[in-house]
Trainee: 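For reference, the structure I am asking about is given below.
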Amino acid sequence: MKVPPVKGTRDFYPPQMAIRNYIVDGWKAASLRNGFEEYDGPIFEYLKMYQIKSGDEIVEQLFNFTDRGDRKLAIRPEITPTLARMVNQQINSLPRPIKWFSVPRLCRAERPQKGRLREFFQWNIDIIGIDDVLADAEVIFTAINYLQATGLTADDIVVKISSRKMLAAILKEIGIKEKDLESIYTILDKRAKVPDDAFEEMLAEKISDADIRQKVTQLMAAESIDSLSDIVSLSDKANESVDELKKLFQLLETMGVTDFCKFDITIVRGLAYYTGIVFEIYDKQSQLRAIGGGGRYDNLLKQFGGPQVSATGFGIGDCVLGILLEEKGLLDGKENNRQIDYFVACADKQFAKNALEITTKIRRAGFSASFSYKATGLGKQLKQASAENAKKAIIIGEEFEKNQLAVKDLESGDQTLVDIDKFFSQL
RNA sequence: GUGGAAGUAGCUCAGCUGGUUAGAGCACUGGAUUGUGGAUCCAGGGGUCGGGGGUUCGACUCCCCUCUUUCACCCCA
């Protein structure tokens with residue numbers, strides 16, 4: 001009986017696994033470089049954990065099941081709730097700032113499409129306990145720091161940045177009521193993704209006052225932070241968050257990454273819980289493809305039963321990123337990272353036992369070594385050595401009688417005779 | 001969940017308006033090569049043509065259903 005792979009999943013054969021590792025290792029290295037510590041949680045949690053943040057409609061978008069103890073559980077579709085739970089549990093004993101990262105394997109029961117599968121990996125970094133845009137800047141820097149390490153440049157990607165706090169203050173200034181903010185955000189989030197008239201239509205459904213609507217449209221067309229005051233007179237509260245955003249850009253300048261960053265008021269993020277700085281990373285070439293995003297969420301820990309603690313973070317999945325890196329040719333050669341130190345070739349069957357002994361000894365000394373299972377000709381064995389990307393081949397044949405090995409450098413082709421004792425003492 | 005497109009060897013694909021035993025390149029295995037690799041040449045294995053049903057003397061080809069992939073929506077944590 002042949003069973004197909006499950007819809008929306010991937011099999012990682014060695015070449016794909018090598019690429020996955022390349023990406024994940026890069027994430028981990030960038031995290032550690034920037035002072036983050038790794039954590040992880042279980043791959044399933046109580047279903048209600050995901051309803052706290054996102055409501056009931058989320059249930060059909062995740063894989064859920066009931067265990068034998070009648071517990072309603074779900075495979076994690078994100079790790080932020082787990083992070084909130086873990087941090088809350090030890091909030092009083094964790095040294096601040098809490099700078100943690102994770103590379104969870106996540107599942108979502110969505111319909112698969114390009115850059116979006118039902119099982120994927122996501123890099124998350126979070127800074128908890130620092131109520132300062134410096135933390136937001138550091139998160140953004142860390143993301144860019146990784147992306148640069150892959151070879152991506154400011155010509156390839158852009159980090160679009162805005163502030164929910166600022167947007168809320170200005171919208172209120174314009175005349176939007178506090179209770180309507182949430183639903184307006186959802187519409188504004190689509191500003192760059194839908195045509196002008198469709199946007200106007202959506203807006204009209206929510207805002208009946210034409211003057212207010214016009215102000216909102218003007219606001220969403222603002223090109224720079226400074227031009228905001230031309231559209232509306234800013235309240236003290238709005239000015240405060242404008243200054244905060246400006247400070248963020250100054251910090252990013254000090255960090256040397258302003259080439260990658262751009263103010264973009266249309267960045268709102270669909271998620272309800274963002275409270276301050278928000279940002280999304282886009283591929284410049286293929287217009288408007290978000291490859292990752294994040295922002296400040298100062299109320300989340302409280303929502304999960306903890307104290308009010310400020311937090312800011314960022315997440316990026318492996319699917320879209322992988323496609324982007326592939327398109328840019330930045331994964332070339334990454335699919336084969338196999339490499340062994342020595343390939344032990346046996347030139348004559350009578351030395352088979354000795355060859356196995358030598359192989360074992362090399363392995364015991366901490367080096368990787370391989371050999372052929374079949375007693376084929378030396379040519380075949382060297383061919384195998386090349387195929388396995390061995391650095392050197394050890395040839396065991398008649399010279400073995402004189403306690404010598406032929407050591408061949410497979411890159412240069414140089415070959416030397418070495419005494420066995422000397423070979424091992426120089427390993 | 002809604003709509004469009006596609007599915008032939010491990011991969012990329014060819015296969016005429018329905019007609020005999022479904023092909024190529026790459027990959028894989030073996031040989032040329034019993035002490036010297038990456039190249040070259042030769043040979044070989046590998047397909048219920050995604051699956052099921054229907055039309056037909058006859059289906060890879062036409063029709064229906066289904067699965068999977070993919071694109072656009074919904075959603076995006």
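So you know, we letter chains A, B, ... as the sequences are listed, proteins then strands, and number each from 1.
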Trainee: Work out how far the P atom of B/rU68 is from that of B/rC28, and round it to whole angstrom.
Mentor: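 Here B/rU68 and B/rC28 have their P atoms 32 Å from each other.
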Trainee: Using whole Å, what does the distance between atom C1' of nucleotide B/rG37 and atom CG of A/N389 come to?
Mentor: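 My rounded result for the distance is 12 Å.
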Trainee: Round to a whole Å and report the spacing from CZ of A/F351 to C1' of B/rG35.
Mentor: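 So the CZ-C1' distance, A/F351 to B/rG35, works out to 12 Å.
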Trainee: How long is the gap from CZ on A/F263 to CG on A/L248, to the nearest 0.5 Å?
Mentor: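 Taking CZ in A/F263 and CG in A/L248, the distance rounds to 11.5 Å.
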Trainee: Tell me whether the side-chain N/O atoms of A/K380 come closer than 4.0 Å to OP1 or OP2 in B/rU34.
Mentor: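 No.
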Trainee: Please check if the number of heavy atoms outside A/Q308 that lie under 6.0 Å from its CD is greater than 12.
Mentor: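 More than 12 within 6.0 Å, yes.
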Trainee: Indicate for each nucleotide in nucleotides 67-73 of chain B, in 5' to 3' sequence, whether protein heavy atoms under 4.0 Å reach the base (B), only the sugar-phosphate (S), or nothing (-).
Mentor: -SS-S-B
Trainee: For A/W123 and B/rA77, what is the distance between atoms CH2 and P respectively, to the nearest whole Å?
Mentor: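 Spelled out: CH2 on A/W123 to P on B/rA77 is 18 Å.
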Trainee: A/L417 has an atom CG; how far is it from atom P of B/rU36, in whole Å?
Mentor: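 Checked: the CG to P distance equals 15 Å.
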Trainee: Quickly work out the A/M202 CE to B/rC74 C1' distance and round it to whole Å.
Mentor: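 One finds 12 Å between C1' of B/rC74 and CE of A/M202, rounded.
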Trainee: Between P on B/rC76 and CD1 on A/I187, what's the gap in Å once rounded to a whole number?
Mentor: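 Value for this atom pair: 13 Å.
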Trainee: Watson-Crick or G-U wobble partner for B/rG38, using a 3.5 Å limit on both distances?
Mentor: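 Base partner found: none.
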Trainee: When the P atoms of B/rC60 and B/rG51 are considered, how many whole Å apart are they?
Mentor: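 Looking at atom P only, B/rC60 and B/rG51 are 11 Å apart.
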Trainee: Which base sits across from B/rU33 as a Watson-Crick or G-U pair, both distances under 3.5 Å?
Mentor: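 Answer to the pairing question: none, since B/rU33 forms no Watson-Crick or G-U pair.
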Trainee: Check whether the side chain of A/Q381 and the base of B/rU36 form a donor-acceptor pair under 3.5 Å.
Mentor: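 Checked by distance alone, the answer is no.
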Trainee: May I ask which nucleotide in the shown strands pairs with B/rG7, Watson-Crick or G-U wobble, both distances under 3.5 Å?
Mentor: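 WC or wobble partner is B/rC67.
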Trainee: Looking at B/rU36, B/rG30, B/rC75, which one has an atom nearest to any side-chain atom of A/E110?
Mentor: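 Closest of the options to the side chain of A/E110: B/rC75.
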Trainee: In terms of side-chain heavy atoms of A/Q61, which of B/rG37, B/rC75, B/rG35 is nearest?
Mentor: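 When the side chain of A/Q61 is considered, B/rC75 is the closest of B/rG37, B/rC75, B/rG35.
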Trainee: How long is the straight-line distance from NZ of A/K28 back to OH of A/Y146, given to the nearest 0.5 Å?
Mentor: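 Output value for this atom pair is 13.0 Å.
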Trainee: Give a yes/no answer on whether the side chain of A/K383 brings an N or O atom under 4.0 Å of OP1 or OP2 in B/rA39.
Mentor: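 The answer is no; no side-chain N or O of A/K383 sits under 4.0 Å from OP1 or OP2.
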Trainee: What nucleic acid atoms does A/Q384 come within less than 4.0 Å of, heavy atoms only: base, sugar-phosphate, or nothing?
Mentor: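 It contacts nothing in the nucleic acid.
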Trainee: Checking all strands, does A/L62 fall into the base, sugar-phosphate, or nothing category for heavy-atom contacts under 4.0 angstrom?
Mentor: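 No contact.
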Trainee: Return the nucleotide paired to B/rC28: Watson-Crick means purine N1 to pyrimidine N3 with N6-O4 or O6-N4, wobble means G-U with N1-O2 and O6-N3, both under 3.5 Å.
Mentor: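 Looking at the geometry, B/rC28 pairs with B/rG44.
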Trainee: Please round to the nearest 0.5 Å and tell me the distance separating atom OG1 of A/T80 and atom CZ of A/R85.
Mentor: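 Going from the OG1 atom of A/T80 to the CZ atom of A/R85 covers 13.0 Å.
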Trainee: Applying a 3.5 Å limit to both distances, which nucleotide forms a Watson-Crick or G-U wobble pair with B/rG1?
Mentor: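 B/rG1 is paired with B/rC73.
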Trainee: Whole Å only: how far is the CZ atom of A/R76 from the C1' atom of B/rA77?
Mentor: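 So the two atoms are 14 Å apart, to the nearest Å.
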Trainee: Report the residue (A/K190 or A/A406) whose heavy-atom-nearest nucleotide on RNA chain B is the more 5′ of the two.
Mentor: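 Nearest-nucleotide comparison on RNA chain B picks A/A406.
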Trainee: With the side chain counted from C-beta on, respond yes when A/V309 and A/V87 share a heavy-atom pair under 4.5 Å apart, and no when they do not.
Mentor: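 No, side chains not in contact.
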Trainee: When all nucleic acid strands are considered with a 4.0 Å heavy-atom cut-off, which category describes A/G315: base, sugar-phosphate, or nothing?
Mentor: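 Since no nucleic acid heavy atom lies under 4.0 Å of A/G315, the category is nothing.
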Trainee: Where do A/E178 and A/K172 land on the side-chain contact (heavy atoms from CB on, under 4.5 Å) test, with the steps shown first?
Mentor: CA-CA 7 Å; A/E178 173 90 42; A/K172 275 192 254 179; 2.8 Å; yes
Trainee: Hey, what do you get for CG (A/D421) to CG (A/L405), rounding to the nearest 0.5 Å?
Mentor: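 Going from the CG atom of A/D421 to the CG atom of A/L405 covers 9.5 Å.
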Trainee: Do the non-hydrogen side-chain atoms of A/M49 and A/T82 ever get within less than 4.5 Å of each other?
Mentor: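 The answer is yes; the side chains approach within 4.5 Å.
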Trainee: Do A/E399 and B/rG35 share a donor-acceptor pair, side chain to base, under 3.5 Å?
Mentor: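 Looking at the base of B/rG35, it does pair with a donor or acceptor on the side chain of A/E399 (distance under 3.5 Å).
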Trainee: Suppose we define a pair by two distances each less than 3.5 Å, Watson-Crick or G-U wobble; what does B/rA14 pair with here?
Mentor: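 Its partner: none found.
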Trainee: What nucleic acid atoms does A/G397 come within less than 4.0 Å of, heavy atoms only: base, sugar-phosphate, or nothing?
Mentor: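 A/G397: base contact, heavy atoms under 4.0 Å.
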Trainee: Whole Å only: how far is the NZ atom of A/K349 from the P atom of B/rU34?
Mentor: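 Rounding to the nearest Å, NZ of A/K349 and P of B/rU34 are 12 Å apart.
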Trainee: Can A/S368 and A/D341 be said to form a side chain to side chain donor-acceptor pair (under 3.5 Å), step by step?
Mentor: CA-CA 5 Å; A/S368 55; A/D341 300 314; 3.1 Å; yes
Trainee: Work out how far the P atom of B/rU56 is from that of B/rG44, and round it to whole angstrom.
Mentor: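 Roughly 41 Å separates the two P atoms.
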Trainee: Determine which nucleotide pairs with B/rU56, using a 3.5 Å limit on both distances of a Watson-Crick or G-U wobble pair.
Mentor: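 When the pairing criteria are applied, nothing turns out to pair with B/rU56, so the answer is none.
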